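Quantities reported herein were computed from a predicted structural model and do not represent experimental measurements.
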Amino acid sequence: MNRDNDKGKVLIGRSLILAAGQIFLLLIIIARLYYLQVYQADKYKTLSDENRISTRLLVPPRGVIYDRHGEMLATNRQNFQAMIVAEQTTNVQETLDAFKKIMPLSEAEEDRIKKDLKKNRSFVPIKIKDNLDWEEVSKIQLNAPDLPGIIIDEGLSRYYPLGEKTAHVIGYVSSVSEQDIRKEDDPLLEVPGFKIGKAGIEKLHEKKLRGKGGNLKLEVNAYGRVMKEIERIDGVPGNRLDLSIDARLQTKAYDLFGEEAGAAVLIDVYSGEILAFVSTPAYDPNLITQGVSAKEWAELNQNEYKPLMNKVLSGQYSPGSTFKMVVALAALESGAITPQTRSFCAGKMFLGNHAFHCWKKEGHGYLDVVQALQHSCDIFFYETAQKVGINKIAEMAKRFGLGQKINIGLENEKEGLIPDTEWKRKRFGEPWQLGESLISGIGQGYILTTPIQLVTMTARIANGGYNIVPTFEKRSEKPKLQRMNISANNIALVKEGMFDVVNVPGGTALGARFDFNGLKMAGKTGTTQVRRITMKERQSGIVRQEDLPWKYRNHALFVGYAPHDNPRYAVAVLVEHGRSGSAVAAPIGGKLLLEALKLDASPKPVE
């Protein structure tokens, strides 16, 4: 009996301990629930809402870029995309096969679609093809019963109305890279499909054009599927941008080149506004914005005419005889020559045993500086460079903007090269040779310039010696210009020579002259040798530029301004391997200046 009582007491004790434990655990659970539901209520309500509400960034419309008269150079247009929603199809591959019968898909496109389908949930729309036109959209809609899961989405894409004609000015937008994201903390950069400026004005003014993103709050279920829209806060559109470019002159400049490769830039000589800025051949920025294949990109890069290169800023060329105005001014300012100084050109001259030839074999006879510019006499400028020396020539060249970046804001601008004695010593560890001064006197040798530098030089001569700087900014008022410390008489003397180049018989650009209601131009031609024609080639019959392969022909240059008596516009033209400045570059420059004068005389577009 006692043994049974003892067992009963043990069982009761154990039951009490177990019950106490259960009560203790229950109290802990109640306390925990009270803590979570009362003290932590706000926190978990927020977490619940975040799980229920999905916030998405809204991409703002990119700012529109206009020319000086309000014509659109870069805008946004409707972009229709064909999308596929996997969960709405019975078989994704069958739907894609049916789509291909209406609209072909490349292997690369198919691979991209399949990758996107694998990494996204079945209810997420996946892009099949974008930039569809109305006819393509209509075909898809007409065949909708055979295309389960295919939907049409509408958005905005960047569009460049003038295409390749403004490619090197406006640039293009393209997909954001990992490097772009690391450089800048902007959530918009992480939005799938978002594009930013990668070249030209698009890149220079990226932040202005981009705008600020908005927010879209959506209610989603546990699987992330959108149930309804809760709130929409639109972003701030990108800023409007008005450039100095005149679309009419831009188009004219590009068309004047025809099949030739090169660059042309036209500016206002007092405001510095860039009215035309052309590098040709170019690429179509609309194609790059849509996305080009690796093969297409490689073809652009390997093209010998260099369509991707902005030759206005990145092309470095010997200026040839367009440099002779700088040599003349350096000599006149230093007193090495006077307006009355005359040199005799017999067709060649000697320095030691080495002969230096003029382009005119029989020579020009006696010439002063104005006549030397008119006839582009090499002998006169060999002798003048010998008298004045390379250091003074280099100093004058830099004052006119040569051999240094102009800094108009676009990428990949080159400095060019204006050599002097110190440069030669640092670069080669050798002293400057007198023969190198002679070659520099006609703009060859080590000298390299860019078209933007040449037009800057020309504008500073045309405006009488004011330190103008080119710009894409559209200006309502002319800036206050600082006068260069150069004799107005000496500049007038050089301008007289440039006028005679175009308008007086014997001038090297006489064939490009025009007379528009009494308005004429002044200018200077240049032809620079890419390689010497060897004696063997001459003996075999290759003596003309046309007989050489394109890449071995001379470069052709022209700089000029108009009107001659009251300058407003300056132009620089470079035709790569164009053979002759007189025959090829000068007509392009003349026609572009004439077009600018004609547009001045025509009714202004409504702004």
Side-chain angles (χ1 to χ4, degrees), residues 262 317-332 337 343 345 347-349 356-361 363-364 367-386 388 393 396-397 400 402 416 418 437-451 453-455 457-458 461 493-504 506-512 521-530 545 553-561 570-590:
Y317 311 91
S318 295
S321 294
T322 63
F323 190 70
K324 288 175 179 175
M325 287 86 74
V326 168
V327 177
L329 285 169
L332 289 165
I337 66 170
S343 292
C345 171
K348 64 181 176 180
M349 65 173 284
F356 289 80
H357 296 269
C358 185
W359 67 268
K360 189 175 183 180
K361 291 181 180 180
H364 292 100
L367 299 170
D368 60 23
V369 66
V370 171
Q371 294 166 328
L373 285 169
Q374 175 194 348
H375 296 282
S376 199
C377 176
D378 293 332
I379 299 300
F380 181 95
F381 286 97
Y382 288 146
E383 293 184 353
T384 300
Q386 186 175 0
V388 70
I393 292 173
M396 185 61 68
F400 276 90
L402 305 181
I418 298 297
S437 290
L438 270 64
I439 293 298
S440 298
I442 62 167
Q444 300 204 55
Y446 298 116
I447 298 174
L448 293 173
T449 58
T450 63
Q453 293 172 4
L454 290 176
V455 80
M457 172 197 76
T458 308
I461 292 172
L493 205 64
V494 167
K495 290 171 71 174
E496 182 183 348
M498 294 177 71
F499 177 80
D500 291 352
V501 165
V502 180
N503 300 285
V504 176
T508 56
L510 188 67
M521 75 168 175
K524 185 72 190 74
T525 59
T527 303
T528 61
Q529 201 171 57
V530 173
Q545 286 291 303
R553 297 172 185 172
N554 294 338
H555 292 320
L557 300 99
F558 177 77
V559 297
Y561 61 87
V571 70
V573 176
L574 177 284
V575 182
E576 287 188 321
H577 310 293
R579 305 174 300 283
S580 166
S582 302
V584 180
I588 293 174

Task: Any side-chain heavy-atom pair of F400 and L329 under 4.5 Å - done: yes
Open item on the list: How long is the straight-line distance from CE of M498 back to CE of M521, given to the nearest 0.5 Å?
Closed with: 10.0 Å
Open item on the list: Looking at S580, is its backbone amide N or carbonyl O close enough to the side chain of N554 to form a donor-acceptor pair, meaning the two atoms are under 3.5 Å apart?
Closed with: no
TODO: Looking only at non-hydrogen atoms, find the nearest pair between V327 and S440 and report the distance.
DONE: CG2-O, 4.4 Å
Open item on the list: Quick check against the 3.5 Å criterion: does S582 have a side-chain atom that pairs as donor or acceptor with the backbone of T508?
Closed with: yes
Open item on the list: Tell me every residue that passes side-chain hydrogen bond (donor to acceptor under 3.5 Å, both in side chains) with T527, counting only those two or more places apart in sequence or in another chain.
Closed with: none
Open item on the list: Please tell me whether K360 and S376 have a donor and an acceptor in their side chains that are separated by less than 3.5 angstrom.
Closed with: no
Task: Parallel, tilted or perpendicular: rings of F356 and Y382 (30°, 60°) - done: perpendicular
- [ ] Please list, chain by chain and in numerical order, all residues satisfying side-chain hydrogen bond (donor to acceptor under 3.5 Å, both in side chains) with S343, sequence neighbours excluded.
- [x] E383
TODO: Would you mind reporting whether L493 and V370 have side-chain heavy atoms less than 4.5 Å apart?
DONE: yes
Task: CG-CG distance between L448 and L402, expressed to the nearest 0.5 angstrom - done: 11.5 Å
- [ ] Output the distance between atom CZ (F323) and atom CE (M457), rounded to the nearest 0.5 Å.
- [x] 8.5 Å
- [ ] First locate atom SG of C345, then atom CZ of F381, and finally report the distance between them rounded to the nearest 0.5 Å.
- [x] 11.5 Å
Open item on the list: Within the 4.5 Å heavy-atom criterion, are D378 and K324 side-chain neighbours or not?
Closed with: yes
TODO: Determine, stepwise, if the pair H375 / W359 fulfils ring pair (Phe, Tyr, Trp, His ring centres under 6.0 Å).
DONE: CA-CA 10 Å; H375 296 282; W359 67 268; 8.4 Å; no
Open item on the list: Give me each pair satisfying salt bridge (Lys or Arg N to Asp or Glu O under 4.0 Å) with a member in residues 442-451, each pair once, sequence neighbours excluded.
Closed with: none
Open item on the list: Would you compute the distance between atom CG of L557 and atom OG1 of T449 and round it to the nearest 0.5 angstrom?
Closed with: 7.0 Å
Task: Donor-acceptor pair, side chain of H577 and main chain of H555, under 3.5 angstrom - done: no
Task: Over 12 non-hydrogen atoms of neighbours within 6.0 angstrom of NZ in K348 - done: no
Task: Point-to-point distance, once rounded to the nearest 0.5 Å, from OG1 of T528 to CD1 of I447 - done: 11.5 Å
Task: Min side-chain heavy-atom separation I393-V388 under 4.5 Å - done: yes
